[in-house]
Amino acid sequence: MQASSQVVTVVVLLADPDAPTVVAKRLARTLPARLAEKSGWQRRFAVEVVSRPFTADAEDPSTLMHRIVEDASAESWDIVVALTDLPLHSHRRRLVVDLSHEHGTALLSLPSLGGWRLQGKARRVVEEAVLSLAASRSPGCERAAYRRPPLGPFAGRLAPIRPGPVDEEELADLRYVADGPRGYVKLLVGMVRANRPWRLVPGLSKALAAALATGAIATVDDTVWSLATSLGTPRLVVATVGSVGLMIGWLIVDANLWHRTTEGSPEARQRSVLYNTSTMVTVSIGAAVCYVGLMVVSFVWALFVLNGHVFASATRHPLNAQNYCTLSWFVASIATVGGALGSGLESDEAIRAAAYSTREQERRHMLQGEHDG
């Protein structure tokens, strides 16, 4: 892995498919200029993006770092920063980034950066990591010099990211981890963001069709009109919570989304709780988005099809703005139940594809295979 030129340093962003590749491509647009500006060695940087499932069948940082080093050596890359949207752990700590100055490689777990301003945070980490790795490969560089923490300012601004322990047999010589409750929350939010929960219901065509059909029929039913106008706000809230809860429970149970670990170690149990919590939050947000969407559709549909005189004769209430909203609210609850039942027609693979990112699907498939074995 010798530098390909004394003037140009080739930096490869090795990204898992899906979201990490999107992040890497955006970084590649501005990274060369920013690195050249921050570099103190009058060097230029060429940035390439390679999309490759380097985390397939593995989530151990040490194993992944070996893979990255092997790829870098085989391709004669100068510096490699690998990006994944899988949550990684080391020594029961949540990994943010591993660096190997000797081999010019780094491994970044994007979920550990949280769910907000991910692009900006990833850019800062990648920039600091590349500059640190590039410094270690400069002529006359002392080993002690490049072992100084390259993410010091970054970690200080975005606590709880701190240096973590590294075993002597590992390729990495510097590690950053996310500690404490805030680190757990940041990782959880990052995992949920990677799963893109707002795409859950649109990805389930049969469930969505069932929900829309149920809502369309309920909107023109005079019994539903009478119930909607007679229910108070507390009962409407109970109907909302019940229908959304039914959809969440149905999706998780029917598609077997709940992760059960066969390992008895505290680390395995900790990972299991994290994965199941991310599943609950992902499906809950997806169901909530579904509910709001159904309410809006029901409101618009009611505006077009309902007749004020017919509604008033059936309910003895005027069809005003308040009753439009009340009816749409109640219909959304009914339609959500219909969507939950319709999701039973979907295959488990379709539900997992809608609920999880590509890499998370592969990871859970691997864990399910180990559990069945």
>> Connecting only ILVMFWY residues whose side-chain heavy atoms lie within less than 4.5 Å of each other, what is the rest of W116's hydrophobic cluster?
In response: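 Direct or chained contacts put W116 with V185, V189.
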> side chain to side chain contact (heavy atoms under 4.5 Å, CB included) between V300 and F304: does it pass, once the steps are laid out?
Replying inline: CA-CA 7 Å; V300 174; F304 278 97; 3.9 Å; yes
Could you list the donor-acceptor pairs under 3.5 angstrom formed between side-chain atoms of residues 286-294 and any protein atom two or more places apart in sequence or on another chain?
residue	atom	partner	partner atom	Å
Y291	OH	T240	OG1	2.8
Y291	OH	W329	O	3.1
Y291	OH	W329	NE1	3.3
Y291	OH	S333	OG	2.7

For the [atom1] atom of [X] and the [atom2] atom of [Y], what is their distance to the nearest 0.5 Å?
X: W301; Y: L327; atom1: CH2; atom2: CG; value: 12.5 Å
X: I285; Y: M280; atom1: CD1; atom2: CE; value: 11.5 Å
X: R316; Y: S230; atom1: CZ; atom2: OG; value: 13.0 Å
X: T279; Y: W258; atom1: OG1; atom2: CH2; value: 7.5 Å
X: T105; Y: I79; atom1: OG1; atom2: CD1; value: 10.0 Å
X: H89; Y: S109; atom1: NE2; atom2: OG; value: 8.5 Å

Please name the pair of heavy atoms, one in [X] and one in [Y], separated by the smallest distance, quoted to 0.1 Å.
X: V80; Y: L133; result: O-CD1, 4.5 Å
X: P87; Y: P111; result: N-CG, 4.3 Å
X: S51; Y: T21; result: OG-OG1, 2.8 Å
X: D78; Y: V10; result: OD2-N, 2.8 Å
X: G183; Y: A178; result: CA-CB, 3.9 Å
X: A210; Y: T214; result: O-OG1, 2.7 Å

Backbone N or O of [Y] within a donor-acceptor pair of the [X] side chain at under 3.5 Å?
X: S132; Y: E128; value: no
X: T229; Y: S226; value: yes
X: K121; Y: L113; value: yes

>> Restricting to salt bridge (Lys or Arg N to Asp or Glu O under 4.0 Å), what partner residues turn up for R175, sequence neighbours left out?
In response: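 Here the qualifying residues are D98, E170.
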> What residues form a salt bridge (Lys or Arg N to Asp or Glu O under 4.0 Å) with R123, not counting sequence neighbours?
Replying inline: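 Listed in chain order: E127.
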Could you list the residues that satisfy side-chain contact (heavy atoms from CB on, under 4.5 Å) with [X], not counting sequence neighbours?
X: A82; result: L14, F54, I68, L107
X: A28; result: V47, V49
X: L208; result: V201, L212
X: S328; result: M295, S298, F299

Is it true that [X] and [Y] fall in one hydrophobic cluster, defined by side-chain heavy atoms closer than 4.5 Å?
X: I217; Y: L306; value: no
X: V81; Y: V166; value: no
X: V22; Y: L13; value: no
X: V253; Y: V283; value: no
X: V238; Y: L227; value: no

>> Are F330 and I334 packed together at the side-chain level, in the sense that at least one heavy-atom pair is separated by less than 4.5 angstrom?
In response: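 Yes, at least one pair of side-chain atoms sits under 4.5 Å.
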>> I want to check something: taking the side chain as every heavy atom from C-beta on, are V12 and E75 in contact at a cut-off of under 4.5 Å?
In response: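 Counting from C-beta outward, V12 and E75 never come under 4.5 Å.
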> With sequence neighbours left out, which residue pairs that include part of residues 215-244 fulfil the salt bridge (charged side-chain N to carboxylate O under 4.0 Å, His left out) condition?
Replying inline: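 Applying salt bridge (charged side-chain N to carboxylate O under 4.0 Å, His left out) to every pair that reaches into residues 215-244, excluding sequence neighbours, yields nothing.
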> Tell me the salt bridge (charged side-chain N to carboxylate O under 4.0 Å, His left out) pairs involving residues 60-72, sequence neighbours left out?
Replying inline: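 Counting only pairs at least two positions apart or across chains, the salt bridge (charged side-chain N to carboxylate O under 4.0 Å, His left out) contacts touching residues 60-72 are R52-D71.
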> Yes or no on side-chain hydrogen bond (donor to acceptor under 3.5 Å, both in side chains) for N323 and H317, after CA distance, side-chain angles and deciding distance?
Replying inline: CA-CA 8 Å; N323 284 327; H317 290 86; 5.7 Å; no
> Who are the side-chain hydrogen bond (donor to acceptor under 3.5 Å, both in side chains) partners of D167, not counting sequence neighbours?
Replying inline: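 Testing D167 for side-chain hydrogen bond (donor to acceptor under 3.5 Å, both in side chains), a comparison that skips the adjacent residues, returns H91.
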>> Using the side-chain hydrogen bond (donor to acceptor under 3.5 Å, both in side chains) criterion, which residues pair with S62? Sequence neighbours excluded.
In response: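 In terms of side-chain hydrogen bond (donor to acceptor under 3.5 Å, both in side chains), with neighbours along the sequence ignored, S62 is linked to no residue.
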> Taking L83 as the fixed residue, which of L110, V97, V125, D16 is the one that meets the side-chain contact (heavy atoms from CB on, under 4.5 Å) rule?
Replying inline: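 Result: among L110, V97, V125, D16, L110 is the only option passing the side-chain contact (heavy atoms from CB on, under 4.5 Å) with L83.
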> Taking atom CD of Q119 as the centre, does the number of heavy atoms from other residues, nucleotides or ligands within less than 6.0 Å exceed 12?
Replying inline: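 It does: Q119 CD has more than 12 such atoms within range.
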> Under 6.0 Å from the CD atom of E168, do we count more than 12 heavy atoms belonging to anything else shown?
Replying inline: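 No, because the 6.0 Å sphere around CD of E168 holds 12 heavy atoms or fewer from other groups.
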>> Pair L171, M65 - check side chain to side chain contact (heavy atoms under 4.5 Å, CB included), show working.
In response: CA-CA 7 Å; L171 294 180; M65 186 62 83; 3.9 Å; yes
